[in-house]
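Before any comments, here is the structure.
The shown structure was predicted, so the numbers you read here are calculated from the model rather than taken from an experiment. Residue numbers begin at 1 in each chain, while the letters A, B, ... track the order of the sequences.
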Amino acid sequence: MNEKLMIIDGNSIANRAFYALPLLTTEEGLYTNAVYGFTTMLLRMMEEEKPTHLLVAFDAGKVTFRTEEYKDYKGKRLKTPSELSAQFPLLKELLEAFGVKHYELNGYEADDIIGTISARAEANGFETLIVSGDKDMLQLVSDKTHVALTRKGISEVERYSPAEIDEKYGLTPAQIVDLKGLMGDTSDNIPGIPGVGEKTALKLLHEFKTVEGVLEHVSEVKGKKLQEKIEAHADDARMSKQLATILRDAPIALSLDELKYQPYEREKVVPVLERFAFKSLLERLGFDSAEADALLQQEEKEIEFVTITEENRDKWADKLTSPMAVMVEVDAENYHGAPIHGVSLVSEDVRLYVPFGQVKWPALVEWMADPEQRKWIYDAKRSQVALAWKGISLEGISFDVLLASYLSNPSETNHQLCDVAERYGIKLASDETIYGKGAKRSVPDISVLGPHIVRKADTIYRLYDRMNSTLREEGLTDLLYDLELPLAAVLGAMEKRGVRVDKERLDEMGVELKEKLEGLTKEIHRLAGTEFNINSPKQLGEILFEKLQLPVIKKTKTGYSTSADVLEKLEGAHEIVPLILEFRQLGKLQSTYIEGLKKEIHEETGKIHTSFNQAVTATGRLSSTEPNLQNIPIRLEEGRKIRQAFVPSEPGWYILAADYSQIELRILAHISQDENLIDAFRKDMDIHTRTAMDVFGVEEDEVTSLMRRQAKAVNFGIVYGISDYGLSQNLHITRKQAAEFIERYFSVFQGVKRYMDNIVVEARKNGYVTTMLNRRRYLPDINSSNFNQRSFAERTAMNTPIQGTAADIIKLAMVNVARRMEDEKLASRMLLQVHDELIFEVPEHELETMCRLVPDVMENALPLDVPLKVDVNYGINWYEAK
DNA sequence: GTCCTCACG
DNA sequence: ACGTACGTGAGGACG
């Protein structure tokens, strides 16, 4: 039998493909052009060559024995662009789906793997074809080993046997290293002999055969200058030859048998091709897209599992081991007090389904509460809170699919288990297909629901390894395990605990508001001369801009804009306008904050139990829903009074609020290393006053309130990724004036200017930006040809590291504060987080401790080059904690 | 469902 | 010339 081995130089072909093809992106923002080019090439070569054995060799790491010998080896080579390096994991995933063996070895280059394996193949009588874009490979050519070099990007290859090398260069394969020794290689920073190019080198080799031959016979070389150069760079030539020599006996633990190629399985290939959106390849492999979809959706064969009952449970107790994937099926969007259908548990050797009636199975309760028993889960907080409402504790969470998926791409809005699974090539029916949606939603029969819940845990189990390697590649492991996972437990406890709200106080305010609103409505209708719905922007627009003929300042897509900033400009134009503004303000308080909050007070606890969402924002911040407790009014006094209704849940306790002062500008000072900004914070100056002094060139006592206000707006703008247009809108000045402010700011804060410029360049280069804790946000529009999209991405690049680092810091602080409170056995409770502040309820005797402990932990959460500052206040309700 | 508006950091 | 400040969630109107 004729054994035929094909070895592909992975890095070389991926590189060629990357530069030969336009930068393709999938909808989720994956770059795929190198993978695509590589795959088409691979399939073509397999078809043409029909190898029996197949290997793709990759470089591993930066340090090789060559760099140890010559530290500048590959020194001048440009860093691999991240758009390419991000594709290597994808490529390997695809190769695995196709069943193609790939290999890399720390400290060695792909060349050496190829050299070693091809030598072994040769010794075993194999015919070998090496596919590469690198001419160095020609040194491996023999009668049995041929090399195919790419031409014109990757669309053609040229095959070399010894005869072709002789024809083209007049050299034997062994002399290829001599050629490189003499001429060097600028791309690998191999020196060779300066001034000796391919022509001279060939001439020398035709005469003297090898580098050593040339050096021995220098005196016979024609041309005085050339002789001198060779003499001066003899060592370089010897070293260059050595560097170019490919190892043929690297310590590779890989047998030829392992390289035997088995036809791939459709089920494995299709999901990957789908994920990379390789439509044409799907077709080429004989699937049309519809067929591929069908295959992907095809129900898996019956999943086997054991349903736990009163009778059988004792004999399954010892299957509760570690680690296990756990799925707690909570049947409601809002998980507080929600019904639980059942729990499924999956490990390497068992799948269990525990109907809710059996959830109090003592062995299970004990196992769930044991922090030593590691659990892999999807949305740990949801499960923990829902179980806590049933009096069951769940500890020992060691992996969370939801959080892992979020960290991998925080801009993605959909992290449902079935969709995450699909991204990793695993099929799972969506909850929607099981339960139905909208009015048709219903709980299916247990014969449908049980297997679905088990499949979910099974999916979590299978995702664990794949997601961990993705996290590792992106440097997100610590963020998950040391920050987000511990935080989930802290947040869950806060949510379950809830915040006491004084319903009577809300009622009183509601009555007062109702009267005022009725009065305003009457007056507005009188002034308008007709009754209409003031809450309808459409009707209001018609009254203001048609009936009353007020000037149109701004339009929306659908009609006149009646937003507050427009109405404020019209305040003097008609007496109805200020009344509308007041109506809007009070109406908002009534509907959202009085009525809205009252609806959210839990019947049993008399408290409000919000949900903090840990996987929605693109920057790493939390959000809060049902209700949102992160936007309770404060800026206007009327609204601020709402906070009087947020009270401690124990008599005689206090509400304590601790907030970071100027955390975002302090972070900016740190990451930009702007001397001026650092100086201002080290001296603990009022930052807006200091900015005004610097920008307007005045002394502290000459800063007027207008100057400070303008400086403050500039500071905000800086954090948001400033534009002259945005600043002009905010300050009601012309764009030109705004541009002048910005220019003056940057001439004083040059470090900030440098940061803003650099971060945009970095975003263009990498395709993403990161926070101090390595949280990552992809910016696919950063190179867009659309001005708007690109500008937006640029401002995001400037803002996200700042906002995101602030989010990192307060999250760290929360985890640390919770630990300290537990260690010191404090009765005080953390209740809320509002982006840069933490809210607690505190018994009187702990006020002193907490006023010291909380700021201390918050200020030291992450050391920066400027101090972090925390203000702390307390009072009998949230309003008074100011 | 989508749009507009407005509450917060 | 382009036309938005960064990040969220909720309520009401309307098709």
Quick check with a 6.0 Å cut-off and a 45 degree axis cone: is A:Arg776 positioned over the face of A:Tyr768's six-membered ring?
yes

Have a look at A:Ala807 and say if it touches a base, only the backbone sugar-phosphate, or nothing, with a 4.0 Å heavy-atom cut-off.
nothing

A:Tyr560 side chain to A:Glu546 side chain, donor-acceptor N/O pair below 3.5 angstrom
yes

Is the distance between the ring centroids of A:Phe696 and A:Phe741 under 6.0 Å?
yes

Do A:Phe646 and A:Ile839 come close enough that some side-chain heavy atom pair is under 4.5 Å?
no

Have a look at A:Asn786 and say if it touches a base, only the backbone sugar-phosphate, or nothing, with a 4.0 Å heavy-atom cut-off.
nothing

Any base atoms under 4.0 Å from A:Ser723, or only sugar-phosphate, or nothing? Heavy atoms, all strands.
base

Would you classify A:Arg735 as touching base, sugar-phosphate or nothing, given that sugar-phosphate means primed atoms plus P, OP1 and OP2, and contacts are heavy atoms under 4.0 Å?
base

DNA chain C: 5'-most and 3'-most nucleotides touching chain A, 4.0 angstrom heavy-atom criterion:
C:dC2 to C:dC14

Just checking A:Thr796: base, sugar-phosphate only, or nothing, at a heavy-atom cut-off of under 4.0 Å?
sugar-phosphate

Can you find a pair of side-chain heavy atoms, one from A:Phe612 and one from A:Leu832, that are under 4.5 Å apart?
yes

Taking the inter-plane angle between the rings of A:Tyr745 and A:Phe749 on a 0 to 90° scale, is it parallel (under 30°), tilted (30 to 60°) or perpendicular (over 60°)?
parallel

When the nearest nucleotide of DNA chain C is assigned to A:Leu727 and to A:Glu600 on a heavy-atom basis, which residue is associated with the more 5' position?
A:Leu727

If the P atom of C:dA5 is compared with that of B:dC4, how far apart are they to the nearest Å?
13 Å

Determine the interatomic distance between P on C:dT4 and the same-named atom on B:dT5; round to the nearest Å.
14 Å

Counting only heavy atoms not in A:Phe545 (residues, nucleotides, ligands), do more than 12 fall under 6.0 Å from its CZ?
yes

Indicate, with a heavy-atom threshold strictly under 4.0 Å, whether A:Ala797 touches base, sugar-phosphate, or nothing.
nothing

Around atom CZ of A:Phe746, are there more than 12 heavy atoms of other residues, nucleotides or ligands at under 6.0 Å?
yes

Secondary structure of DNA chain C per the Watson-Crick/G-U criterion (both distances under 3.5 Å; [ ] crossing, | other strand, . unpaired) is .....|||||||||.

Whether each nucleotide of nucleotides 4-9 of chain B has a protein heavy atom under 4.0 Å at its base (B), only at its sugar-phosphate (S) or at neither (-) is summarised, 5' to 3', as SSBBBB

Using the six-membered ring wherever Trp is involved, compare the ring planes of A:His609 and A:His336 and label them parallel, tilted or perpendicular (cut-offs 30° and 60°).
tilted

With heavy atoms under 4.0 Å as the rule, sort A:Glu626 into base, sugar-phosphate or nothing.
sugar-phosphate

Option from A:Lys554, A:Glu568, A:Arg584 for which side chain to side chain contact (heavy atoms under 4.5 Å, CB included) with A:Ser563 holds:
A:Lys554

May I ask you to check if A:Arg735 and A:Tyr725 form a cation-pi contact, with NZ or CZ under 6.0 angstrom from the six-membered ring centre and within 45° of the axis?
no

Using a 4.0 Å heavy-atom cut-off across all strands, classify A:Phe787 as base, sugar-phosphate, or nothing.
base

Is it the case that over 12 heavy atoms from other parts of the model lie below 6.0 angstrom from the CD atom of A:Glu595?
yes

Could you check whether A:Gly721 gets within reach of a base, just the sugar-phosphate, or nothing at all, counting any heavy atom under 4.0 Å?
nothing

